[in-house]
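Please read all numbers here as calculations on a predicted model, not as lab measurements. As the structure lists them, so they are numbered: ligands from 1, and atoms in each ligand from 1.
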Amino acid sequence: MKVVSVVGARPQFIKLSALSSRLRKYHKEIIVHTGQHYDEELSALFFKELKIPKPDYDLEVGSGSQAEQTGKMLIKLEQVLEFEKPDLVLVYGDTNSTLAGALAASKLQIPLAHIEAGMRSYTDMPEEVNRKVTDHLSQILFCPTHQSVKNLRKEGITKRVYLVGDLMYEALICNLQTAQKKSDILKKLNLNSKNFYLATIHRAENTDYRDNLVKITKILESLDRKTIFPVHPRTRKYLEERHLWNRLKKTRNLLLLDPIRYLDMLVLEQNASLILTDSGGVQREAYFLKTPCLILRETTEWIEITKTNGFMTSSLDIKKVQRNLKRLNSSRISKKQATTNSSASRKILNILNKFNG
Ligand code: UD1
Ligand code: UDP
């Protein structure tokens with residue numbers, strides 16, 4: 001088949017890296033980068049470090065409001081798909097790039113496959129709209145968890161739904177040893193293993209509302225250990241606009257960094273004594289690496305994770321956060337904790353190889 005893979009944001013590049021080489025053994029792949037993420041440290045560095053083939057198209061859409069960004073992508077994707085006439089379009093996750101890829105393919109009646117189908121938070125976050133619409137337009141739905149299969153069933157989607165596991169896990173397994181060998185991040189930052197926290201924040205619900213961003217700031221100021229905080233550009237923008245950036249910069253225990261490379265991130269995640277995050281990918285990596293994790297959201301799509309000792313969601317109420325941190329710091333993570341298997345790409349390919357429209 002000729003397959004167009006549509007990606008645009010950091011976590012999608014990582015998942016693409018776990019599938020692309022296997023896909024290319026059997027099919028012709030065209031990579032379309034929407035340009036949703038364009039800073040070198042959010043985009044080009046991932047292609048380089050993970051040896052992902054250079055995108056065939058860079059749509060250079062850039063940032064904008066939800067509709068503006070999605071609309072621009074849609075117009076440009078339609079032109080690419082009309083020209084390339086692929087047999088299948090492959091989209092990942094739940095970003096605006098996912099939604100635009102799904103809409104463009106469906107309107108041209110090109111079969112659509114969704115990786116990470118069926119995830120639901122049952123909230124009104126923008127990603128939930130993207131996921132739902134994409135799932136309802138897809139002909140093939142690759143689910144990462146049992147819960148995601150159940151979620152689809154509740155919405156009446158049962159045809160061509162496949163439980164394949166998590167490409168994020170596969171990427172981690174493929175890159176962890178290299179990361180341990182190559183990354184000098186612990187030395188560079190003068191960190192001792194299990195003696196620091198790692199934090200990432202970028203969800204709109206946490207960054208775009210002043211009250212919540214102030215709460216996040218207070219949480220970061222209150223931490224009892226050195227904390228490494230690679231700051232997503234969205235978060236930095238709002239922290240600066242709201243005059244919180246300089247305040248955080250002055251916080252003694254806190255080290256603000258630009259977004260870091262994937263291999264460095266894996267090493268920090270593995271060596272942190274605890275992770276605070278609202279990221280979908282980072283909470284899963286924490287789980288896979290058995291590093292306790294406080295998910296700074298009321299809910300998560302990855303509910304399996306929070307059923308395990310050492311992992312919990314939390315509101316931004318500072319007293320609750322402190323209580324939860326105390327609990328997590330004294331929790332024991334079972335060595336036998338469930339892991340998904342690391343053959344998602346193989347399963348996806350077995351299914352795609354049999355697909356005939
Ligand atoms: C997007 C996804 C989110 C995903 C995240 C991964 C949507 C609705 N959101 O959020 O689901 O978890 O990517 O990181 O698709 N910016 C830069 N440089 C860049 C990219 C963005 O400075 O290269 C800044 C711009 O000010 C922009 C803001 O970050 O307005 C937000 O970027 P955007 O792509 O709209 O959403 P993310 O927050 O990155
Ligand atoms: N990540 C990274 N550098 C960073 C922050 C995150 O390489 O500075 C990686 C992280 O290890 C994970 C992915 O980016 O693999 C998660 O992406 P993000 O948090 O942006 O999005 P989400 O998963 O929430 O959609």
Counterpart residues, ring pair (Phe, Tyr, Trp, His ring centres under 6.0 Å), relative to His27 (two or more places apart): none
Protein heavy atom at shortest distance from atom 23 (O) of ligand 2: Gly281 N, 2.7 Å
Heavy atom of the protein closest to atom 25 (O) of ligand 2 (residue, atom name, distance): Pro11 CG, 3.4 Å
Residue portion contacting ligand 2 (non-hydrogen atoms closer than 4.0 Å) for Ile14: side chain
Residue, atom name and distance, where the atom is the protein heavy atom closest to atom 19 (O) of ligand 2: Ser279 OG, 2.7 Å
Top protein contact for atom 8 (O) of ligand 2, by heavy-atom distance: Ile260 N, 2.9 Å
Close approach, Arg203 and ligand 1, non-hydrogen under 4.0 angstrom: yes
Residue Pro230 vicinity, atoms of ligand 2 by number, heavy atom under 4.0 Å: 8 (O)
Protein contact to atom 1 (N) of ligand 2 [nearest heavy atom, distance to 0.1 Å]: Met265 CG, 3.8 Å
Partner residues of Ala18 under the side-chain contact (heavy atoms from CB on, under 4.5 Å) criterion, sequence neighbours left out: Leu167, Glu170, Ala171
Which residue and heavy atom of the protein sit nearest atom 11 (O) of ligand 2, plus the separation: Glu285 OE1, 2.7 Å
Separation between OG of Ser315 and NZ of Lys320, rounded to the nearest 0.5 Å: 4.5 Å
Protein heavy atom at shortest distance from atom 4 (C) of ligand 2: Arg10 NH1, 3.2 Å
